[in-house]
Engineer: 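Attaching a single structure in structure tokens format; questions to follow.
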2 protein chains.
Amino acid sequence: MLFSTKAEYGVRLMVELGRRAGTTAPEEAEPVALATVAEAELLPLSYLEHLVAKLRQADLVSSVRGAHGGYRLAKPAREIAMLDVVEALEGPVAPMECFHTEREGRVLCSHEVDGDRACATKLLWTRVHGGVTKALAGTSLAELVEFADAAAATAALPEPVA
Amino acid sequence: MLFSTKAEYGVRLMVELGRRAGTTAPEEAEPVALATVAEAELLPLSYLEHLVAKLRQADLVSSVRGAHGGYRLAKPAREIAMLDVVEALEGPVAPMECFHTEREGRVLCSHEVDGDRACATKLLWTRVHGGVTKALAGTSLAELVEFADAAAATAALPEPVA
DNA sequence: ACAAATCCTAGCTGTCCAGTCGGAAAACCG
DNA sequence: CGGTTTTCCGACTGGACAGCTAGGATTTGT
Ligand code: FES
Ligand code: FES
């Protein structure tokens with residue numbers, strides 16, 4: 001059980017955009033060309049194009065076309081929940097094929113739709129689903145950006161000789 | 001992102017074994033033929049054979065060969081954590097390909113192994129992983145069995161005429 | 001001996017991930 | 001203007017893996 005690289009790459013992309021924007025309001029930040037982040041993160045450019053398209057459709061990034069164009073965050077990093085990012089890339093997050101969350105948090109599973117019998121495993125998948133969404137929804141892009149900046153800062157320190 | 005049907009079917013199988021055992025100690029319970037649970041849960045028998053093999057290797061069920069043979073739980077349902085069940089079926093649970101949990105809970109990811117740079121997304125996947133494992137480890141088979149029994153009981157009530 | 005069951009290995013079919021490719025449209029620059 | 005840089009869009013592919021199925025060998029009750 002794992003997320004695909006769509007999520008991995010897409011999250012990287014968002015973090016990179018967040019880092020370049022820094023503290024400036026997203027509207028004023030310079031758009032970043034996709035080739036730049038592809039080089040920085042060592043990811044295939046042509047693949048990133050597909051991912052960023054989904055992020056744009058979800059209104060998480062905005063684009064500027066033409067020369068000197070690129071992408072920037074559509075809203076400040078603190079207001080972007082990673083749940084939205086991941087769902088934009090991978091579709092609705094559910095632990096099982098048969099598991100569909102209704103709008104009001106009500107859970108449906110195939111066995112119940114069929115109506116024949118109560119589903120024994122629903123309790124388990126509901127808990128798992130809750131754990132994942134809670135972790136995802138409770139993490140903002142800003143947190144990851146800070147985390148990445150902090151890691152880069154310590155890495156940039158002159159290596160003490162052993 | 002989802003678990004495969006291996007987990008779904010396997011959990012069903014375990015619940016079924018737990019229900020048939022009832023409150024009797026697992027050693028004394030009659031072994032249940034796989035064909036029985038296949039019929040009860042409408043699952044392909046030949047596929048279940050593969051799944052139960054993994055559960056047996058993980059010492060979650062024990063088998064009795066020959067006529068009147070079958071499977072039973074290897075220990076009381078209350079002592080079986082669903083995390084073990086799922087991991088036996090799907091392998092180690094990790095949200096990403098690049099994400100490996102060391103024995104002491106330490107987390108390694110490919111970027112760090114390469115040593116070149118700190119991984120920006122590790123924070124996120126660590127939280128997700130924690131959410132999933134917490135949900136899975138905190139749920140025992142006994143809980144699911146009780147849940148299933150309760151649901152079956154209400155369903156068995158005579159349907160009030162509309 | 002026979003039947004009922006577990007056990008084991010192999011293979012098959014579709015789906016989807018990960019990535020490539022080619023080219024169109026849009027905007028800037030001289 | 002024309003050329004360059006970029007986003008944008010669709011189609012295509014190669015491989016991996018999920019989800020079975022088939023066939024048989026082995027063990028054990030009656
Ligand atoms: S049918 Fe899978 S959770 Fe109910
Ligand atoms: S490389 Fe994926 S979590 Fe670090």
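Throughout, protein chains are lettered first and strands after them, A, B, ... in sequence-line order, and every chain is numbered starting at 1. The model shown is predicted, which means the values in this text are computed figures rather than measured ones.
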Engineer: Using a cut-off of less than 4.0 Å, is there contact between a side-chain N or O of A:Tyr9 and OP1 or OP2 of C:dG19?
Structural biologist: yes
Engineer: In whole Å, what is the span from the NE2 atom of A:His68 to the C1' atom of C:dA26?
Structural biologist: 15 Å
Engineer: Rounded to whole Å, how long is the line connecting atom CD of A:Glu90 with atom P of C:dC16?
Structural biologist: 13 Å
Engineer: Within a strict 4.5 Å, meaning less than it, do heavy atoms of the A:Met14 and A:Val61 side chains meet?
Structural biologist: yes
Engineer: Between atom CZ in B:Phe3 and atom P in D:dC17, what is the gap in whole Å?
Structural biologist: 18 Å
Engineer: Between the side chain of A:Thr133 and the main-chain N/O of A:Gly130, is any donor-acceptor distance below 3.5 Å?
Structural biologist: yes
Engineer: In plain terms, say whether B:Lys54 and B:Glu87 are close enough for a salt bridge, that is, a side-chain N and a carboxylate O under 4.0 Å apart.
Structural biologist: no
Engineer: Given D:dC8, D:dG19, C:dT6, identify the nucleotide with an atom nearest to the side chain of B:Arg65.
Structural biologist: C:dT6
Engineer: To the nearest angstrom, how far is A:Glu39 atom CD from D:dT5 atom C1'?
Structural biologist: 16 Å
Engineer: Quick one: do the B:Ser140 and B:Glu79 side chains pair a donor with an acceptor below 3.5 Å?
Structural biologist: no
Engineer: Ignoring backbone atoms, test whether A:Ser63 places a side-chain nitrogen or oxygen under 4.0 Å from the OP1 or OP2 oxygen of D:dC8.
Structural biologist: yes
Engineer: Can a donor-acceptor pair be found, under 3.5 Å and without considering hydrogens, that links the side chain of A:His129 to the backbone of A:Val93?
Structural biologist: yes
Engineer: Taking only side-chain nitrogens and oxygens of B:Thr5, does any of them come within less than 4.0 Å of OP1 or OP2 of D:dG19?
Structural biologist: yes
Engineer: In terms of side-chain geometry, is the basic nitrogen of A:Arg12 or A:Glu41 positioned less than 4.0 Å from the acidic oxygen of its partner?
Structural biologist: yes
Engineer: Taking CD from B:Glu8 and C1' from D:dA18, how many angstroms apart are they, rounded to a whole number?
Structural biologist: 15 Å
Engineer: Which of residues 43-58 of chain A sit near DNA chain C, with a heavy atom under 4.0 Å from it?
Structural biologist: A:Pro44, A:Ser46, A:Tyr47, A:His50
Engineer: Could you check which of C:dC17, D:dG29, C:dT6 has an atom nearest any side-chain atom of A:Lys6?
Structural biologist: C:dC17
Engineer: Does A:Glu16 have any side-chain hydrogen bond (donor to acceptor under 3.5 Å, both in side chains) partners at least two apart in sequence or in another chain, and if so, which?
Structural biologist: A:Arg20
Engineer: Which whole-number value in Å describes the distance from A:Leu17 CG to D:dT7 C1'?
Structural biologist: 14 Å
